[in-house]
2 protein chains.
Amino acid sequence: MSLRHAVLGLLADCPASGYDLLKTFAISLGNVWSATQSQVYAELARLADSGQVTVTAEGARGRKEYAITESGRAELHRWLTEVEPNRTPRNDTLLRVFFLGLLEPDEAQAFMRREAETAAAHHEELSALTAVASGPDSFSVHGRLALEWGLRVTAAQREWALWAQKQIIDRAASGVGDPDTPVPAPG
Amino acid sequence: MSLRHAVLGLLADCPASGYDLLKTFAISLGNVWSATQSQVYAELARLADSGQVTVTAEGARGRKEYAITESGRAELHRWLTEVEPNRTPRNDTLLRVFFLGLLEPDEAQAFMRREAETAAAHHEELSALTAVASGPDSFSVHGRLALEWGLRVTAAQREWALWAQKQIIDRAASGVGDPDTPVPAPG
DNA sequence: CGTCGACATGTCGAAGTTGGAATATCGCTG
DNA sequence: CAGCGATATTCCAACTTCGACATGTCGACG
């Protein structure tokens with residue numbers, strides 16, 4: 001649903017071809033919203049149909065350069081200010097966490113360790129982007145806000161995974177895994 | 001794709017009907033992976049077809065109770081230990097952040113303020129769940145791990161939104177918004 | 001006995017997503 | 001000029017997702 005607006009947003013910055021947009025998705029926007037070739041080209045065609053973008057130039061190899069129209073800009077503004085962001089939860093990792101009780105403690109622990117490592121790696125990747133994504137233009141400025149989000153959340157995620165791993169170890173140590181066994185009262 | 005495994009995971013805990021599962025999605029699992037009626041019933045039918053669940057009882061009003069089979073358990077285990085979680089980034093809020101430069105500073109700021117409020121509200125909601133989701137069974141234990149993730153991430157998100165709001169105010173104050181205007185050298 | 005609300009499942013179409021294949025041009029290099 | 005790699009677009013089949021609608025049962029209440 002939002003792909004339409006991602007494309008509009010990129011074209012609001014400057015005219016581009018489908019191929020150009022795909023490159024932008026690959027290096028920056030894709031960290032936030034990924035898109036495939038077929039999606040981008042199809043969306044450009046739809047947007048052109050509905051008059052929110054127009055072809056401003058045709059180049060070599062059938063290249064078509066698209067620019068946003070006033071109508072497109074209006075739609076983009078409406079989307080930014082009036083449409084509530086979609087917050088449908090869909091987290092593949094957390095879904096697995098819910099079912100970690102089905103695994104042996106050491107398997108569950110390995111899962112959390114891998115998650116901690118993944119989060120750390122992702123954090124490093126984003127750190128490396130910080131240098132690249134510097135620039136005074138509006139796009140870089142706001143891209144950096146998104147980047148900061150990534151840095152903070154990946155850090156939190158790593159801490160959480162380490163904490164969760166410890167929880168699992170502790171439970172395993174105290175002889176749980178057999179829910180029917182009453183926990184001996186402390187003291 | 002993961003809906004299949006969400007259903008299998010719930011049935012691994014205990015047999016249930018589609019209607020039962022829907023209720024579980026509504027109160028707990030849905031915070032992590034949401035599903036609609038049509039999806040759940042269709043998935044149960046598919047799983048029954050492929051022999052990963054079976055109908056163990058038929059009750060009033062056409063109620064069918066499903067239980068997981070050995071084959072289903074094996075698939076669930078494989079998914080938990082061997083399948084890399086899907087991490088396709090798709091964040092509607094961050095996508096908008098990328099394009100915040102197209103708004104007036106006060107509009108952009110209002111956007112971030114709303115985000116901070118939403119994150120805080122969501123955090124409170126999860127806090128309230130903490131009391132409800134207490135229990136010694138494996139499901140509650142691991143549900144709490146997921147809950148803790150939510151608490152940490154919503155907290156980080158709120159902090160980030162407040163920080164970002166300040167960034168935008170600062171930029172607006174220093175006369176940016178017209179990228180062609182050279183910034184006056186300090187001193 | 002009627003009917004209302006909760007229970008319970010199922011079908012449908014529109015829209016969105018994915019990955020892959022097909023097609024073709026341009027510019028460089030040997 | 002033949003061949004290659006980067007550029008560039010288009011089409012397609014399969015699948016998922018969503019919301020709406022259709023269908024029907026059961027128990028309780030008056």
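In the text below, chain A, chain B and the rest are named by the order of the sequence lines, each starting its count at 1.
- Residue A/Y66 contributes atom OH, which lies 11 Å from atom C1' of D/dT10 at whole-angstrom precision.
- The nearest whole Å value for the distance from the CD atom in B/E65 to the P atom in C/dC7 is 16 Å.
- Between C/dT17, D/dG19, D/dT9, one nucleotide has an atom nearer to the side chain of A/L3 than all others, and that is C/dT17.
- Distance B/L22 CG to C/dA6 P: 16 Å, rounded to the nearest Å.
- Among the nucleotides D/dA6, C/dG10, C/dT17, the one closest to any side-chain atom of A/R61 is D/dA6.
- In this structure, of C/dT9, D/dT9, D/dG19, it is D/dT9 that holds the atom nearest to the side chain of A/R63.
- Place A/A35 and B/A60 on DNA chain C by their nearest nucleotides, and B/A60 ends up nearer the 5' end.
- OP1 or OP2 of D/dT9 sits under 4.0 Å from a side-chain N or O of A/Y41.
- Remark: P of C/dG10 and CG of B/L47 are 13 Å apart, rounded to the nearest angstrom.
- When all heavy atoms of A/L11 and A/L44 are compared, the closest pair comes out as CD1-CD2, 4.0 Å.
- With D/dT17, C/dA21, C/dG16 as the choices, the nucleotide that has an atom nearest any side-chain atom of B/Q39 turns out to be D/dT17.
- In this structure, the nucleotide among C/dG19, C/dA8, C/dA21 sitting nearest to the side chain of A/T36 is C/dG19.
- The side chain of B/S38 has C/dC12 as its nearest neighbour among C/dC12, C/dA8, D/dT9.
- If you take CG on A/D92 and OG1 on B/T88, they are separated by 9.0 Å, rounding to the nearest 0.5 Å.
- The CZ atom of A/R4 sits 17 Å away from the P atom of C/dA14 (whole-angstrom rounding).
- In the set D/dT9, D/dC18, C/dT17, the nucleotide with an atom closest to the side chain of B/R90 is C/dT17.
- In this structure, A/Y19 and B/E43 both approach DNA chain D, and ranking their closest nucleotides by distance from the 5' end singles out A/Y19.
- The interatomic distance linking A/R46 (CZ) with C/dT17 (C1') rounds to 11 Å, in whole Å.
- Note on A/E58 versus A/K64: no salt bridge recorded, every NZ/NE/NH1/NH2 to OD/OE distance being 4.0 Å or above.
- Rounding to whole angstrom units, CD of residue B/Q37 and C1' of C/dG10 are separated by 9 Å.
- Taking the six-membered ring where tryptophan is involved, the planes of A/W160 and B/W149 are perpendicular, since the angle between them exceeds 60° and thus also 30°.
- Comparing A/W33 and B/D20 against DNA chain C, the residue whose closest nucleotide sits nearer the 5' end is B/D20.
- Of the candidates B/R78, B/H77, B/R73, B/R78 is the only one forming a side chain to side chain donor-acceptor pair (under 3.5 Å) with B/E75.
- Across the protein-nucleic acid pair, A/K23 atom NZ and D/dT9 atom C1' stand 14 Å apart, rounded to whole Å.
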